[in-house]
Amino acid sequence: PSWWSGFIKQTMHYLFLRREVQPWLGHNPLAMSAMFFMYVLGSIVIILTGFSLYAEQFGWGSAWMNVFGWVNTLLGGSQMVRTVHHFAMYYLMLFAVVHMYMVFREDIMSQQSVVGTMISGVRTFKAGARIEKI
């Protein structure tokens, strides 16, 4: 329940519907879900489609196609695999840009030192901040 509450509050904060945000020791719940859905799943798609495209040069029946040919079949052919691979690349690039914006925005707007933590490894909070742990 505290995770979902934090997810909703953090989303409202990012949408400028809530001024105050509760500080978290690690990633906040919205950042956790964004990392999973955007980075982890996006990377899996990029890797699978990339290996499927690589396997095509060896032809059907090769060891590479035996392992990664199912991606080609699942997506309906080589052109669709290539298209999904390109869209996943743009998806990850967009995620990187949005992520950088959100890191600097969070450092400026919240009571946490997000950028400073990446540099020094020490997490600091403004006075009076109530810290939540998941």
Side-chain angles (χ1 to χ4, degrees):
S2 67
W3 190 89
W4 285 107
S5 172
F7 180 86
I8 292 168
K9 288 176 183 175
Q10 200 70 37
T11 303
M12 290 175 63
H13 174 70
Y14 284 155
L15 294 172
F16 299 103
L17 299 174
R18 181 182 170 98
R19 182 177 287 283
E20 296 297 318
V21 64
Q22 63 189 68
W24 298 85
L25 283 177
H27 283 90
N28 63 58
L30 186 61
M32 286 181 206
S33 59
M35 287 294 184
F36 177 75
F37 287 108
M38 302 288 266
Y39 187 69
V40 174
L41 295 182
S43 295
I44 290 171
V45 169
I46 272 276
I47 290 167
L48 289 177
T49 56
F51 275 126
S52 178
L53 291 170
Y54 178 74
E56 286 181 348
Q57 67 182 324
F58 300 105
W60 289 98
S62 68
W64 280 100
M65 281 305 268
N66 288 340
V67 176
F68 295 105
W70 64 271
V71 177
N72 203 318
T73 305
L74 178 71
L75 293 178
S78 178
Q79 185 58 47
M80 185 54 77
V81 172
R82 189 172 311 281
T83 302
V84 169
H85 189 72
H86 278 272
F87 278 131
M89 175 194 63
Y90 295 128
Y91 176 78
L92 288 174
M93 287 172 47
L94 179 65
F95 172 70
V97 171
V98 170
H99 180 67
M100 290 305 298
Y101 164 74
M102 296 307 283
V103 164
F104 283 104
R105 180 193 179 276
E106 188 69 11
D107 195 71
I108 294 167
M109 304 274 302
S110 74
Q111 300 177 355
Q112 306 171 51
S113 63
V114 180
V115 177
T117 302
M118 287 187 277
I119 295 169
S120 69
V122 178
R123 186 79 162 204
T124 59
F125 299 93
K126 291 182 182 175
R130 195 181 109 242
I131 302 166
E132 292 288 330
K133 287 192 274 186
I134 292 182

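Heavy atoms only: backbone and side chains are in, while hydrogens, waters and symmetry mates are out.
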Worksheet item: Can you tell me how far the CD1 atom of Ile8 sits from the NE2 atom of His13, to the nearest 0.5 Å?
Response: 16.0 Å
Item to complete: Kindly compute the distance separating NE2 (His85) from OG (Ser78), expressed to the nearest 0.5 Å.
Response: 11.5 Å
Fill in: Nearest-0.5 Å distance that lies between atom CZ in Phe104 and atom NE2 in His99
10.0 Å
Discussion item. Restricting to non-hydrogen atoms, name the atom on Ser62 and the atom on Ala55 that form the minimum distance, rounded to 0.1 Å.
Written reply: OG-O, 4.4 Å
Worksheet entry | Approximate separation, where rounding is to 0.5 Å, of Leu15 CG and Gln10 CD | 10.5 Å
Discussion item. In the structure I gave you, are the side-chain heavy atoms of Phe7 and Met32 within less than 4.5 Å of one another anywhere?
Written reply: no
Discussion item. Test question: given the 4.5 Å side-chain rule for I, L, V, M, F, W and Y, name all other residues clustered with Phe68, or answer none.
Written reply: Phe36, Phe37, Val40, Leu41, Ile44, Val45, Ile47, Leu48, Phe51, Leu53, Tyr54, Phe58, Trp64, Val67, Trp70, Val71, Leu74, Leu75, Met80, Val81, Val84
Response to the item:
What one should report as the nearest heavy-atom pair of Pro29 and Gly6 is CG-C, 3.8 Å
Item to complete: Over all heavy atoms of both residues, which pair between Ala88 and Ile46 is shortest? Give the atoms and the distance, please.
Response: CB-CG1, 3.6 Å
Worksheet item: With Phe87, which residues qualify under side chain to side chain contact (heavy atoms under 4.5 Å, CB included), at least two apart?
Response: Thr83
Discussion item. Is there a path of hydrophobic side-chain contacts, each under 4.5 Å between heavy atoms, that joins Val97 and Met89?
Written reply: no
Worksheet entry | Interatomic spacing from CE in Met65 to CG in Asn72 - rounded to 0.5 Å | 5.0 Å
Worksheet item: Any idea which heavy atoms bring Arg82 and Glu56 closest together, and the distance?
Response: NH2-OE1, 4.2 Å
Fill in: hydrophobic_cluster_shared for Tyr14 and Phe16, side chain cutoff 4.5 Å
yes
Fill in: Separation between CZ of Phe95 and CE of Met102, rounded to the nearest 0.5 Å
10.5 Å
